[in-house]
Undergrad: 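Structure below; questions to follow.
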Amino acid sequence: MPWRRAALAAALLFPLAACTTPAQPEAKGAPAPGFPYTVTNCGVTTTYTAPPERVVTMNQHATEVMLELGLAKSLVGTAYLDDRIAPKYAADYRSVPVLADAYPSYEKLLSANPDHVYGGYASAFAANEGRARETLAKSGITSRLNVENCPKGAATTMDDVYQEVREVGRTFGVADRAEAWIRSAEATNARTRAAREGAAPRPVFVYDSGDKTAFTVGGKGIGNDIVTRAGGRNVFADDLKEKSFGDASWENVVARAPETILILDYGGTGVDAKKKRLRDDPALASVPAIKNNSFAVLPLSDMVTGVRAPDAVAKLASQLRTGQGR
């Protein structure tokens, strides 16, 4: 989808320079349990003397981390869904004001009077739209960016999901909830790993969108780790090893001969329309996944560094193993 390509491209234009935000003012009386807490997030070091109380989340996976940790009452605004909010969070999500369908203007953001902003993609803090983390800090607003979008050399893995949840839990004084979630996630991943033990990796092409080229998952983001943990082998992990998402030629899709195509479900183009586009393209007729009608489906929000990731691995593993979702 054009908007998605634009958003991902925009995220690359906003590198986050290392800086230190001012520590929050000392609270009166004894500090809250577990505070002060200092964390360095994507080059920005912040000391919290108490949990933030008025939070705006931007991007779905940031919102769902907060809701999973039972922090709906801390939210004074949210923005930018990739697809449908997970049913388990729907009631809490309805209690939070939606500031914008996409990103709010800086003025709209400030109208919620936040003391903290939590963004899922780097574009949440776009300097040319007035929302740079440095700008927020000057207004006394702390911030956090999902770790998948930190400038770094290593590929994102499930360990980064655990880090994300752990640091958010510490920031909001609910470290026990974060650790309980991590233990549950580790158990889910262990069960999935045991169920696929001994099976050969299945070549998988992830189809996000695209006509002239195929917009797909590269080797650097959590999406690649999810495919691998589910028992797949991302056929573009090496070609796009420095990218979370990127463009591949259809000729290379044919050459990589994927046995399953994983379709990402979001936006205005539905799964059926994406399948039809792939099936109707004569250039793809020789692709094993097309010949055998082998498709898997996950929502886009499953393929990011958030609390859906462990269940996403399990769902994809089941589809690769049993054929469900084809």
Side-chain angles (χ1 to χ4, degrees), residues 7 10-11 14 16 19-28 31-32 34-82 85 89 92-147 149-150 164-165 167-174 177-178 306-307:
F14 306 118
L16 297 166
C19 64
T20 302
T21 62
Q24 293 181 343
E26 290 291 336
K28 294 180 179 179
F35 292 87
Y37 169 58
T38 299
V39 62
T40 298
N41 165 245
C42 297
V44 177
T45 299
T46 307
T47 296
Y48 298 89
T49 58
E53 296 179 346
R54 298 184 58 83
V55 183
V56 170
T57 53
M58 294 191 287
N59 305 119
Q60 184 166 343
H61 47 308
T63 302
E64 290 187 351
V65 169
M66 294 288 289
L67 297 179
E68 175 64 36
L69 294 179
L71 296 167
K73 291 183 179 179
S74 298
L75 297 177
V76 295
T78 187
Y80 220 137
L81 295 183
D82 281 324
I85 201 80
Y89 308 129
D92 282 339
Y93 179 77
R94 287 193 294 269
S95 72
V96 183
V98 176
L99 301 183
D101 291 335
Y103 291 126
S105 66
Y106 185 60
E107 292 74 18
K108 184 68 174 178
L109 180 61
L110 290 185
S111 73
N113 192 28
D115 60 4
H116 184 80
V117 176
Y118 179 16
Y121 299 117
S123 49
F125 299 111
N128 68 340
E129 296 178 10
R131 297 187 307 272
R133 297 182 74 179
E134 295 87 348
T135 302
L136 294 172
K138 290 177 182 177
S139 298
I141 302 169
T142 57
S143 61
R144 178 177 181 84
L145 175 63
N146 183 283
V147 294
N149 294 275
C150 296
E164 184 72 15
V165 173
E167 290 181 355
V168 173
R170 285 293 310 277
T171 298
F172 286 90
V174 291
R177 298 178 196 171
V307 290

Undergrad: Do the non-hydrogen side-chain atoms of Phe35 and Thr47 ever get within less than 4.5 Å of each other?
TA: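 The answer is no; the side chains never approach within 4.5 Å.
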Undergrad: Tell me, do Arg177 and Leu71 make a side-chain contact under 4.5 Å, heavy atoms counted?
TA: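 Side chain of Arg177 against side chain of Leu71, heavy atoms only: contact under 4.5 Å found.
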Undergrad: Could you check whether any side-chain heavy atom of Asp82 comes within less than 4.5 Å of a side-chain heavy atom of Asn59, counting everything from C-beta outward?
TA: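 Counting from C-beta outward, Asp82 and Asn59 never come under 4.5 Å.
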Undergrad: Are side-chain N/O atoms of Tyr37 and Thr171 paired as donor and acceptor at under 3.5 Å?
TA: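 Absent: no donor and acceptor within the cut-off.
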Undergrad: Can you tell me how far apart OG1 (Thr142) and OH (Tyr48) are? Round to the nearest 0.5 Å.
TA: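 Thr142 atom OG1 to Tyr48 atom OH measures 4.0 Å (nearest 0.5 Å).
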Undergrad: What are the two closest heavy atoms between Gly77 and Leu99, and how far apart are they?
TA: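 Nearest heavy atoms, Gly77 then Leu99: CA-CG, 4.0 Å.
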Undergrad: Which atom names give the shortest non-hydrogen contact between Gln60 and Ile85, and what distance separates them?
TA: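 Heavy-atom minimum between the residues: NE2-CA, 3.7 Å.
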Undergrad: Between Arg133 and Phe125, is NZ or CZ placed under 6.0 angstrom from the six-membered ring centre and within 45° of the ring axis?
TA: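 Judged by the rule, Arg133 and Phe125 form a cation-pi pair.
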Undergrad: What do the steps show when you test Glu167 against Arg144 for salt bridge (charged side-chain N to carboxylate O under 4.0 Å, His left out), and what is the final call?
TA: CA-CA 10 Å; Glu167 290 181 355; Arg144 178 177 181 84; 2.8 Å; yes
Undergrad: Would you say the side chains of Glu129 and Tyr103 form a donor-acceptor pair under 3.5 Å?
TA: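 No, no side-chain donor-acceptor contact under 3.5 Å.
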Undergrad: Without swapping roles, check the side chain of Ser123 against the backbone of Ala126 for a donor-acceptor pair under 3.5 Å.
TA: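 No: the side chain of Ser123 does not pair with the backbone of Ala126.
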Undergrad: Give the ring-plane orientation class for Tyr118 versus His116, where under 30° counts as parallel, over 60° as perpendicular and anything between as tilted.
TA: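 Because their plane-to-plane angle lies in the 30° to 60° range, the rings of Tyr118 and His116 count as tilted.
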Undergrad: A side-chain contact here means heavy atoms from C-beta on lying under 4.5 Å apart; do Val76 and Val55 qualify?
TA: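 The answer is no, as the side chains (C-beta and beyond) never meet within the 4.5 Å cut-off.
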Undergrad: Side chain of Arg131, backbone of Tyr106: donor and acceptor closer than 3.5 Å?
TA: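 No: the side chain of Arg131 does not pair with the backbone of Tyr106.
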Undergrad: Please round to the nearest 0.5 Å and tell me the distance separating atom CD1 of Ile141 and atom OG1 of Thr135.
TA: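 One gets 10.0 Å once the value is rounded to the nearest 0.5 Å.
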